[in-house]
Amino acid sequence: MKPYQQRFIELSEQLNALKFGEFTLKSGRTSPYFFNAGAFSSGAALAAMGECYANRIVDSQIEFDVLFGPAYKGIPLASSTAIALANHHDVAIPFAYNRKEAKDHGEGGLIVGGPLSGRVLIIDDVITAGTAVTEAIGLITDAGAEVAGIVVGLDRQEKGTGDRSAIQELEDSWNCPVISLISFDLLINYLEMTTKSAEIIDEEYGVTDGGDPEGTEAGNDSVLLAMRAYRDLHGV
């Protein structure tokens, strides 16, 4: 695990962007965890998140000319990542984003920011059904540009309607790589290895050990068992 990946998980926990418990997803599944990048809602949090994304992009060695953030959550992700790339990696890259509805006055159109040209890298938080990203790909190709790849904060690594995940389907359909900051497997590994995460999980499940290490261990095991069971049932 890279330092920026561990930092991303820790930040997500601290800001309640990453929670453990029981959550009903749009798919109707009951998930033992939930991730919401919208919780990165302060200047300091956005700056830190942008640095994590920028480190992952540089680490991947992917080549691109423009960053694109799909509305809405992708907009602060793309802007904070562009700033981090400039400030910490000396990479000056324009960024753009789309409106949900075309503007019929002023400059008009759906796209705001830099022009969609060359190789465009899409930035988003999580791909579930892939609707927003598919729309973004359409905007990019309609502009005559090429999709260089997609970067997401979390790869849930779970099946969609079939035996493959939305990410796998996107990779195959559009022949472009999807890069994630962290994956479900990496998250499980982190939870297994760190005492800090064990304490956070115990609080979420209301586990108190009264000074008894076995109490903490039992709480950790219950969450990890739920995570592993979810992976066995829905994982790809």
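All figures in this text were calculated on a predicted structure; none of them were measured in a lab.
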Stepwise, does the side-chain contact (heavy atoms from CB on, under 4.5 Å) test hold for Val152 with Asp125? CA-CA 5 Å; Val152 296; Asp125 59 345; over 6 Å; no

Verdict with supporting geometry, Val112 and Asn98, side-chain contact (heavy atoms from CB on, under 4.5 Å): CA-CA 6 Å; Val112 182; Asn98 63 302; over 6 Å; no

For Ile57 and Ile123, what are the C-alpha separation, side-chain angles and deciding distance, and is it a side-chain contact (heavy atoms from CB on, under 4.5 Å)? CA-CA 10 Å; Ile57 290 169; Ile123 308 288; 3.8 Å; yes

Report the C-alpha separation of Val147 and Ile122 in whole Å, then their side-chain angles, then the decisive distance to 0.1 Å, and conclude whether the side-chain contact (heavy atoms from CB on, under 4.5 Å) test is met. CA-CA 8 Å; Val147 178; Ile122 299 171; 4.2 Å; yes

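Between the side chain of Asp59 and the main chain of Asn55, no donor-acceptor pair closer than 3.5 Å is present. Judged by distance alone, the side chain of Asp65 and the main-chain N or O of Gly118 form no donor-acceptor pair under 3.5 Å. In this structure, the side chain of Asp124 does not engage the main chain of Val126 through any donor-acceptor pair within 3.5 Å. Ser79 contributes a side-chain N or O that, together with a main-chain N or O of Pro76, makes up a donor-acceptor pair within less than 3.5 Å.
Contact between Val236 and Ser165 at its shortest, heavy atoms only, is CG1-N, 3.7 Å. In plain terms, the two heavy atoms of Ala48 and Leu11 that are nearest each other are CB-CD1, 3.5 Å.
The shortest side-chain heavy-atom distance between Glu146 and Val120 does not fall under the 4.5 Å cut-off. Contact annotation: the side chain of Ile9 approaches that of Ile182 to within less than 4.5 Å [non-hydrogen atoms, C-beta and beyond].
Using cut-offs of 30° and 60° on the angle between ring planes, the pair Tyr53 and Phe8 is perpendicular.
More than 12 heavy atoms of other residues, nucleotides or ligands sit less than 6.0 Å from atom CG of Asp232.
Screening Arg156, His234, Glu22 for a side chain to side chain donor-acceptor pair (under 3.5 Å) involving Ser31 leaves a single residue, Arg156.
Ring centroids of Phe184 and Tyr33 are separated by less than 6.0 Å, placing the two rings close together.
To the nearest 0.5 Å, the span separating CG on Leu186 from CD on Gln6 amounts to 9.5 Å.
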